[in-house]
Amino acid sequence: MGFLDALPLTVMDWLRGLLGQGLPAWGVELVVGLIKVVLILVVAILPVIVLTWLERKVLARGQDRFGPNLAGPYGLVVAFADAIKILTKEDIIPQAADRQVFRFAPALVLIPTLLVFTVVPMGRGMIAADLNVGILFAVAIGSLAVIAIIAATWSSGNKYSLLSMFRSVAQLVSYELPMAFSVLTVVLVSGGLSTVRIVEAQVIPFALVMPIAAVTYFLASLAEANRSPFDLLLGESEIVAGHNLEYSGMRFAMFYIGEYAHIFVIGALTTTLFLGGYQGPILPGYMWFLIKTMAVVYVVLWIRCTWPRMRIDQLLDFSWKLLVPLNLANLMLVALVFKLAGTGLLGSLLSLVVNVGLLVAVGTFLVRRARSSTSRRTRALVLGEV
Amino acid sequence: MSEREIHHTLTVPETLVPEDLQRNALLTSVDSVYNWARRRSMWPLTFGLACCALEMIAAGAARYDYGRLGMDIPFSSPRQSDLLIISGTITHKMAPQLIRLWNQMPEPKYSIAMGACTVSGGTFDSYAVVQGAAELIPVDIYLPGCPPRPEALIYAFTKLHEMVGQQSVKTVSWYRKEGEA
Amino acid sequence: MLGRGMLKGLWVTLQHTISSFTSGPRRFPKRYLDGPVPRPEPSTQGMLTLQYPFEKYEMWPRFRGVLVHLRDPETGQSRCTACMACVRACPHGVLTVTGEGKGRERRAKTYTYELGRCIFCRLCVESCRFDAIEMGQEYEFVSTTQDQTLNLEEMLALGDRSGIKHTGEAWGQVE
Amino acid sequence: MSHQATLDTLLTRFPEAGIERQEGLDFTIVLPSSLIVDACRTLRDDLGFDFLSNLTAVDRPDAFEVVYHLYSLSNPAPPLALKVRLADKADPRLASVTSVWEGANLQEREVYDLFGIVFEGHPKLERILLWEGFPGHPLRKDFINRIYSFEEMRATLPPETER
């Protein structure tokens with residue numbers, strides 16, 4: 001552990017010592033806790049500024065466009081323009097709206113996203129609260145975001161918002177399950193629910209040990225965050241603009257921030273669970289965490305740039321008919337492998353083999369079934385015949 | 001000719017602030033930041049009605065790309081939009097919806113009438129077509145052409161940006177209460 | 001098959017992302033120089049975006065921009081004789097012409113062209129027997145009022161800027 | 001079933017029908033207005049014309065002429081044109097064929113809107129392209145075109161319409 005790696009901790013210890021000279025012990029803890037809260041807020045909100053710019057640029061570049069390039073060099077400050085403009089917009093509350101809930105819902109969007117950051121280890125020893133049920137906390141809190149969506153849609157008094165709520169809830173219920181299975185696989189192998197323990201257990205990143213669980217977790221968290229290709233919550237062509245249809249000005253900005261903070265959460269949690277967290281050679285831990293997280297975030301934006309939106313029936317089919325059974329099988333096989341071969345290199349290798357074998361088996365099964373099927377839709381979905 | 005002077009359509013009295021305070025340094029810089037932000041992040045509500053919609057889409061696509069102006073988030077909800085691009089023939093059947101969308105947009109809001117039909121009814125001297133969008137809503141920029149080129153639409157955007165740049169927080173009408181001058 | 005198309009799509013967008021960085025400067029060598037940009041071939045790959053206010057395409061010769069007047073090389077004035085053929089040919093009454101003088105001396109006194117109703121059909125140009133008017137190359141016209149008009153002097157100035165010599169020069173009608 | 005056989009079947013079952021025009025396989029049949037639903041059902045069920053491509057009308061000096069263009073998606077036959085003449089120009093009425101082809105719904109509404117031909121038995125015979133309360137039917141020859149302002153349109157809207 002180098003000097004740079006431990007720099008934030010050193011600063012924190014120095015601060016703790018400095019405060020200890022004038023304050024009682026509880027006072028020091030209070031101040032340090034407040035500093036941690038502020039840091040988490042910064043870590044959660046700062047990426048939003050970058051991500052609004054990055055998303056527009058990545059989308060534009062993928063489509064051979066420039067993207068915003070007139071606001072500052074390379075359009076870098078376009079997020080500030082957005083912020084100033086959106087804060088000075090008129091704030092409209094529709095007549096049909098339930099005023100109290102309508103005002104409260106945007107605040108609810110951000111809270112679960114911020115809470116998840118408390119259990120994410122951002123560097124060696126850099127975690128706000130090392131809960132011994134950390135990952136359970138993250139999964140439980142992460143699914144609370146739908147409460148905000150329900151509140152926002154219901155209070156808008158708009159039928160399109162309501163339709164988007166139905167979609168969102170169906171989506172959440174179906175994707176919570178494969179997500180839980182993939183997290184369970186990780187917990188089983190690492191032997192603990194604490195996020196730090198999960199990171200420390202990844203001598204080889206779990207994405208290489210059990211790719212099925214990693215991909216499932218990534219896709220399921222895309223669905224939880226209502227990102228493309230699972231963003232049928234916001235189907236512009238059918239239900240105008242989804243849950244934030246009636247929101248304008250500042251309240252809409254909260255949804256906007258919440259959406260981008262959620263992307264960063266996807267990146268952070270995927271990194272923690274499957275990509276080895278802050279572990280990596282040469283560079284300090286927090287840098288590795290940032291690099292890996294931004295890589296995952298780029299994949300999220302890249303997917304947005306490429307894939308069209310799925311239909312609701314395809315979405316539910318994909319979860320219930322493919323992801324859930326696949327991950328159930330994966331969970332049992334991986335458990336068996338690690339029980340027999342131990343958690344060392346041999347176990348990891350065997351697990352990878354089992355994962356690939358499972359994928360091949362499922363693929364063969366699907367192709368065979370589709371070949372014998374007379375349903376045009378099944379053949380189109382699996383074989384690519386139309 | 002194409003550099004024709006652009007006029008302020010939002011006629012508001014300039015006497016709200018005393019003469020000696022009008023050159024207030026703080027307010028001027030606030031104005032410049034405020035106008036810059038509104039120029040560089042003007043999200044359009046693309047109200048495509050007829051053939052001009054194709055040129056509007058082309059202006060947003062890779063070759064002309066109005067996303068460069070910070071406009072690359074075309075919302076389908078009027079609540080989050082700043083600019084209404086009316087592109088195409090406004091029929092009487094569609095007119096109430098246009099007015100409704102305009103009323104649903106939050107201030108500050110702007111509108112561009114794109115194409116001959118939207119400017120003046122164009123070729124349709126007909127029972128079914130509204131003779132110009134000005135009959136329905138206040139239009140800030142009229143863009144003639146049948147249809148206008150995508151560059152012409154972006155030219156209209158730059159002129160609209162000039163117009164926005166001339167406005168001032170002191171004088172704009174949308175931060176006042178009802179009835180206030 | 002089995003998501004192969006989706007992976008292929010990801011590969012395509014990645015290629016475009018990379019080529020947008022590498023091929024942009026190569027395709028537009030004149031990008032930051034003055035003058036109109038030649039229109040790229042339809043098969044051109046990579047970044048094509050025209051940064052409009054700073055660079056412009058050169059319009060093709062048969063482009064139908066706004067109506068312009070052409071100067072008579074001898075007199076330096078418009079050759080319009082106020083014969084009203086264009087006014088009759090116009091489907092929407094966009095043109096208003098008044099003339100003065102009799103016989104061979106008859107010339108247009110005013111020529112008003114209402115831009116907001118014009119649909120650029122070129123019927124007026126085809127009806128003109130005196131090579132007086134032609135569709136120009138200008139398309140950048142906006143206004144804050146509904147009735148935007150051009151008069152004779154403005155149209156003559158636009159004709160000078162477009163550099164057109166004869167009616168039908170680009171259309172293959174001149175013998 | 002060959003196209004000539006279709007024609008023969010139709011003429012034997014409906015002797016009142018007449019051939020207006022026949023050039024090779026392309027022919028037009030004129031029917032009395034009382035027979036239209038029966039004829040259409042026969043055409044769909046027995047002769048395989050399962051797709052109503054187009055339904056429109058023509059304002060003739062002496063009558064309104066409603067035209068049906070039928071296609072068969074199941075057998076590669078040329079299209080068939082049916083015509084019905086409505087002599088009563090003051091009150092043109094015709095039975096609706098929405099019970100035969102669902103797709104006739106919007107097209108009959110359009111013909112009602114623009115020609116004023118009332119389709120009896122139509123589930124929702126309202127104006128589709130113009131607003132409720134529009135005076136006249138614009139594709140009739142005696143309609144005089146004029147420009148309506150937005151205020152005029154609002155004034156003619158029935159009061160319960162959402163504005």
Side-chain angles (χ1 to χ4, degrees), chain A residues 52-53 55-72 74-95 97 156 158 160-161 164 234-253 255-256, chain B residues 29-43 45-46 48 57-83 97 100-101 103-110 150 154 157-158 161 164 167 169 172-177:
Chain A
T52 50
W53 172 79
E55 175 172 37
R56 289 159 83 166
K57 278 300 207 191
V58 167
L59 283 186
R61 288 285 173 176
Q63 299 162 354
D64 285 342
R65 298 189 285 123
F66 278 111
N69 66 356
L70 289 177
Y74 304 104
L76 270 170
V77 287
V78 75
F80 293 96
D82 282 348
I84 294 170
K85 185 219 57 176
I86 212 163
L87 294 189
T88 51
K89 285 287 273 188
E90 184 184 358
D91 183 29
I92 294 174
I93 299 182
Q95 267 187 345
S156 292
N158 188 310
Y160 295 118
S161 295
S164 94
L234 321 147
E236 283 95 351
S237 48
E238 314 117 30
I239 49 172
V240 188
H243 57 295
N244 47 29
L245 172 60
E246 292 287 353
Y247 283 88
S248 63
M250 181 69 193
R251 293 179 217 283
F252 172 68
F255 282 102
Y256 204 63
Chain B
S29 54
V30 165
D31 268 352
S32 65
V33 169
Y34 177 64
N35 289 339
W36 169 81
R38 286 188 301 145
R39 280 206 304 274
R40 287 291 169 248
S41 157
M42 193 171 266
W43 293 345
L45 173 67
T46 51
I57 294 160
R63 193 164 282 201
Y64 300 101
D65 186 22
Y66 58 57
R68 288 183 303 109
L69 314 172
M71 301 175 69
D72 56 347
I73 313 184
F75 276 104
S76 44
S77 162
R79 298 275 188 222
Q80 290 123 33
S81 313
D82 311 285
L83 170 64
Q97 281 79 343
R100 194 167 172 180
L101 281 177
N103 289 338
Q104 281 181 343
M105 283 169 69
E107 294 279 4
K109 56 186 173 185
Y110 302 94
I154 296 176
F157 290 155
T158 55
H161 288 171
V164 169
Q167 292 176 340
V169 184
V172 292
S173 54
W174 49 83
Y175 293 122
R176 303 213 202 103
K177 291 200 175 109

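Throughout, a chain's letter reflects where its sequence line sits, starting with A, and its residues are numbered from 1.
- For A:E246, the parts sitting under 4.5 Å from any heavy atom of chain B are the backbone and the side chain alike.
- Heavy-atom contacts from other residues, nucleotides or ligands closer than 6.0 Å to OH of A:Y160 number 12 or fewer.
- Ionic pairing of B:D82 and A:K89 is present here: one or more N-O contacts between side-chain nitrogen and carboxylate oxygen are shorter than 4.0 angstrom.
- Annotation: maximal heavy-atom pairing with chain B below 4.5 Å, among A:A81, A:A60, A:G249, occurs at A:A81.
- Here A:N69 is the residue among A:N69, A:L59, A:N244, A:I84 with the most heavy-atom pairs under 4.5 Å with chain B.
- Looking at A:D82 and A:R56, a side-chain N of the basic residue comes within less than 4.0 Å of a carboxylate O on the acidic one, giving a salt bridge.
- Take A:R251 and apply the salt bridge (Lys or Arg N to Asp or Glu O under 4.0 Å) test, not counting sequence neighbours, and it matches A:D91.
- If you measure heavy-atom distances from A:I92 to chain B, the contacts under 4.5 Å come from the side chain alone.
- Heavy atoms of A:Y256 lying under 4.5 Å from chain B belong exclusively to its side chain.
- By the salt bridge (Lys or Arg N to Asp or Glu O under 4.0 Å) test, A:K57 is found to be paired with no residue, residues two or more places apart in sequence or in another chain being considered.
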